[in-house]
There are 4 protein chains.
Amino acid sequence: MSEKKREIISAAAELIHTKGYEATKLSDIMQASDIGKGQFYHYFSSKRELGLTIVDYYAEMWDRELIQGVFHSSFSAEKKMENMLEWAVNYHVSTQALSGCPFGNLAIEMSEHDEEFRLKINNLIDQWINHLADVMKDLRGEDQALQHARVVVAQIEGGILLMKNYQDISILKDIIAMIRLNYLDKGE
Amino acid sequence: MSEKKREIISAAAELIHTKGYEATKLSDIMQASDIGKGQFYHYFSSKRELGLTIVDYYAEMWDRELIQGVFHSSFSAEKKMENMLEWAVNYHVSTQALSGCPFGNLAIEMSEHDEEFRLKINNLIDQWINHLADVMKDLRGEDQALQHARVVVAQIEGGILLMKNYQDISILKDIIAMIRLNYLDKGE
Amino acid sequence: MSEKKREIISAAAELIHTKGYEATKLSDIMQASDIGKGQFYHYFSSKRELGLTIVDYYAEMWDRELIQGVFHSSFSAEKKMENMLEWAVNYHVSTQALSGCPFGNLAIEMSEHDEEFRLKINNLIDQWINHLADVMKDLRGEDQALQHARVVVAQIEGGILLMKNYQDISILKDIIAMIRLNYLDKGE
Amino acid sequence: MSEKKREIISAAAELIHTKGYEATKLSDIMQASDIGKGQFYHYFSSKRELGLTIVDYYAEMWDRELIQGVFHSSFSAEKKMENMLEWAVNYHVSTQALSGCPFGNLAIEMSEHDEEFRLKINNLIDQWINHLADVMKDLRGEDQALQHARVVVAQIEGGILLMKNYQDISILKDIIAMIRLNYLDKGE
DNA sequence: GATGAATGAGAGTTCATTCAT
DNA sequence: GATGAATGAACTCTCATTCAT
């Protein structure tokens, strides 16, 4: 993939993360990645195609950081869970972004009226939940492992939503802390 | 408030709930509420003002159904919690809408770049959390009541997000069931 | 129909007559009828809809001048034929337009890839041929009346094509004269 | 001329025949002849130059099939006329194309606003008419030979126009049959 | 209080053409 | 001789908003 295409994707990803898909205009993207109209359409056939490519771009990051970096690591279940929680918070701390979850936002904006977006995003979320369910099995046995995984993911995504609405990252930190308390520090 | 204005608000609220604020066009609203351009601008000075009015409209519903109907009722803390959970699920069951949470969606779409929207929505969420914190105090003592309230709200909002992305209401039902298990059926 | 809409139609009809449908740009139409983009789309939902409306506009003229004015007149068959030929030449003489036949041009441009255009135009041509076939029956009996009607229409449309390519109206006049000779002055 | 250039010309000729000059985009041509932007501009300096080249390409075919193949043959005038009529119908039968006459279409689309196109096409048509006039002289004497030639060409081109608008080749066949009847089977 | 015509900036997209490699 | 990235004007169309009646 050409350098320029990558540049467009990452500039657009950031814009869409911040403003949403619909509110991000092609002109914003062109300005942010310093290209003209023609060049944009040289690389992408439409704004929607760019949007879908961005989801793929998140999917790669996701796979690298979460699936490979956390779940496929050789750490213990406890440590995996801990790393996942840290990773979730750190993303928002490091970017100082109070924009929320990049694909959580897209999930809400696109799921109902664009099936292709929905499925791509759902694939990410479903992977997350399933890998977490495996960790749950190690942590607390087979019983309701999937349900607990869903609860944790919901809690994180909901926590990010609250953080965004309060524009205060400590809200998310607190909620993540509660997950830790509930699933990791139980017996202590 | 004139009947027509109310009609516009409720038609627009539904559209925005489904498609989002940005993706809902004035023309959609005019068509859905059967009015012309002139009449719209007679009642509202701008699309944004309508949007803000819609948040107020949700605030009324909110106050009626959740604050008065649940938290200010004379039921026990357990029953209040139970009713709140039922109310949360029922909204999505009854409307068969897989559109998600009307103001949760707006929170994500608007919080970062429109402070007035953010504050209005935050007011609703904050009320919810604070009233729930009171219930928590009754249920399980002062300790971390606010944190637990936030966790529950996050879990519900996150559950709705997952439900929307899976386009499957059972996801939300399961997550709500887990909250019930965690906070209500503990000792049983 | 509003005056403005009529103005747009007639300005656009002339442009499309001269330059063709595809080569006539919205900006040409806007300039010629002195309107802005918005106003155009207030009256028409698309360029194509305008195009179809223009065919209807020709159909009206057609009905008025040819069907009512010539074929439904109380003249003899000879006189009807004569009037039709005169009308055909006069259109091109009076407008000094060497643009050809307004809907003959469209027939060629649109027939193959836009069925709605094709059918609308075909309706005009078919009416012409059928009314002329009736005149032929009066003139020279039932035998091959339809075939002769088609031949005459083909000769006229083909004559207009030659006229346009030679950019010389005398070509058309000559061909019309030959039709007259063939069908009207036979016995003389 | 390189093989590739010939390929581009024939692919573009077919596209323009079907869709028209304006509606045929460079991208269509590039796709149909499997070349890139650079290669196109290596062989042609512009779309217009390609268009003019295509008329030349038709002129060659024209010369080969009609002028040499029919008019310069050693057949009798009757047989030449007959062969010309057969050739005219066969082109549309064999290609099953209801796209009409390749340069008749161009004549209508281009004659009025591109003098170079007009003259090139006019050259073809004029040759046709003049050669046919010679045949007419043999067939029916000097009297109005040119006029009759024009009428026949007009009838054929008009017949093709009707055929295209009816999307029915039998219309053309019928009209050609009438020419035969009029000029060849007269005395029989 | 209501209508819908008018506005015009800007949306996403197309396209012939140029240019660096 | 060939590639495809880059250009930018122009294209059809959208939209929130204003204005005259």
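Chain letters run A, B, ... following the sequence lines, proteins first, then strands; residues in each count from 1.
- For A:Q167 (side chain) and A:L98 (main-chain N/O), a donor-acceptor pair under 3.5 Å exists by modelled atom type.
- Atom CD of D:E14 has 12 or fewer heavy atoms from other residues, nucleotides or ligands within 6.0 Å.
- D:S2 comes within 4.0 angstrom of no nucleic acid atom, judged by non-hydrogen atoms across all strands.
- Formation of a donor-acceptor pair under 3.5 Å by the C:Y43 side chain with backbone atoms of C:S2 is not found in this model.
- In this structure, the side chains of C:R48 and C:D114 come closer than 4.5 Å at one or more pairs of heavy atoms.
- Judged by distance alone, the side chain of C:E109 and the main-chain N or O of D:E109 form no donor-acceptor pair under 3.5 Å.
- The backbone N or O of C:I108 sits less than 3.5 Å from a side-chain atom of D:K164, completing a donor-acceptor pair.
- Screening residues 27-47 of chain D for salt bridge (charged side-chain N to carboxylate O under 4.0 Å, His left out) gives D:K19-D:D28 as the qualifying pairs, with residues at least two apart or on separate chains.
- At a non-hydrogen distance threshold of 4.0 Å, nothing from residues 3-15 of chain C comes into contact with DNA chain F.
- Annotation: of the two residues near DNA chain F, D:G36 and B:R48, the 5′-most nearest-nucleotide partner is D:G36.
- With sequence neighbours excluded, the residues forming a side chain to side chain contact (heavy atoms under 4.5 Å, CB included) with D:F44 are D:K5, D:I8, D:I9, D:F40, D:E49, D:L50, D:T53, listed by chain and number.
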Query raised in the report: What would the secondary structure line of DNA chain E be in dot-bracket form, counting Watson-Crick and G-U wobble pairs under 3.5 Å, with [ ] for pairs that cross earlier ones and | for pairs with another strand?
Result: .||||||||||||||||||||

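- In the region residues 37-45 of chain D, proximity to DNA chain E at under 4.0 angstrom, judged on heavy atoms, holds for D:K37, D:Y41.
- B:N105 places a side-chain N or O within donor-acceptor distance of the main-chain N or O of B:S99, the cut-off being under 3.5 Å.
- Although no hydrogens or angles enter the test, the distance criterion places no donor-acceptor pair under 3.5 Å between the side chain of D:H113 and the main chain of C:T18.
- Across residues 18-34 of chain B, not one residue has a non-hydrogen atom less than 4.0 Å from an atom of DNA chain E.
- The interatomic distance linking D:E49 (CD) with E:dA16 (P) rounds to 15 Å, in whole Å.
- B:E115 CD: more than 12 foreign heavy atoms inside a 6.0 Å radius.
- Paired with B:F103 under the rule ring-ring contact (aromatic ring centres under 6.0 Å, His included), one option of B:W62, B:Y57, B:F117 passes, and it is B:W62.
- Looking only at side-chain heavy atoms (C-beta outward), D:R118 and D:M110 stay at 4.5 Å or farther from each other.
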